[in-house]
Amino acid sequence: MTTIEALGAWGAYDRDDPFPVFADVRELGAVHPVTLADGHDAWLVVGYDEARSALNDRRFSKDMHAALASGGGVVAEGLPGPTFARHMLTVDPPDHSRLRRLVSLAFTPRRVERLLPGVQALVDDLLDDVAAAGPDARRSPSSANCSAFPNPIADRWGVG
């Protein structure tokens, strides 16, 4: 099997058991050149050591503003542009490190332990929803984040 054949099965994988496709891709190697649906070239990294190496290599960036500065063609139609591109998951150090330090204060072992009963109740509710409505149930795991950090705007809009 080639990488193209393994990844070609991606869209047809069984929603309840995608792991055979994932295993096939990992078996073929840790890093694969791919073409995204929008035509951009990219690398699919499926090996743990290789992923850690890439994430710590300063030659790679996830900073959307830096990408946009190199040309508007880096963002596919329908993806968020610069307005929504500045958050912890899309910035490089030192900004990422600063934001991660701030967020980590909310996730101390003691705080996480206090959140556990509420998160467990939420997971139980989500599973009940899925059992009742099937896989198209409307609530999502992001509800756990919303309930962990109450937000009046999120409550008003029904987020989570």
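Numbering of residues begins at 1 and proceeds along the displayed sequence. Note: hydrogens, waters and symmetry copies are ignored here, and every other heavy atom, side chains too, is used. Only a predicted model underlies this, so the values are computations on that prediction, with no experimental measurement involved.
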Would you give the length of the straight line joining atom [atom1] of [X] to atom [atom2] of [Y], rounded to the nearest 0.5 angstrom?
X      : Y      : atom1 : atom2 : answer
Asp57  : Arg59  : CG    : CZ    : 4.0 Å
Trp43  : Glu50  : CH2   : CD    : 12.5 Å
Asp24  : Glu27  : CG    : CD    : 6.5 Å
Thr35  : Leu44  : OG1   : CG    : 11.5 Å
Arg111 : Leu116 : CZ    : CG    : 12.5 Å

Do Val91 and Leu99 come within less than 4.5 Å of each other through their side chains, counting heavy atoms only? yes
Review point. Is Val34 linked to Val46 within one hydrophobic cluster, defined over Ile, Leu, Val, Met, Phe, Trp and Tyr using a side-chain heavy-atom separation of less than 4.5 Å?
Key: yes
* Asked: Hey, quick one: are Phe22 and Val31 part of the same hydrophobic cluster, counting side-chain heavy atoms closer than 4.5 Å, chains of contacts allowed?
  -> no
Excluding Phe60, membership of its hydrophobic cluster (Ile, Leu, Val, Met, Phe, Trp, Tyr; side-chain heavy atoms within less than 4.5 Å) reads none
Apart from Leu105 itself, its cluster of hydrophobic side chains linked below 4.5 Å comprises none
Before you tell me yes or no, could you show the steps for Val119 and Val123 under side chain to side chain contact (heavy atoms under 4.5 Å, CB included), namely the whole-Å CA-CA distance, both residues' side-chain angles and the distance that decides it to 0.1 Å? CA-CA 6 Å; Val119 171; Val123 169; 4.3 Å; yes
_Looking at His96 and Leu89, would you say the former's side chain and the latter's main chain have a donor-acceptor pair under 3.5 Å?_
no
Here the salt bridge (charged side-chain N to carboxylate O under 4.0 Å, His left out) pairs for residues 90-109, sequence neighbours left out, are Arg86-Asp95, Asp95-Arg98
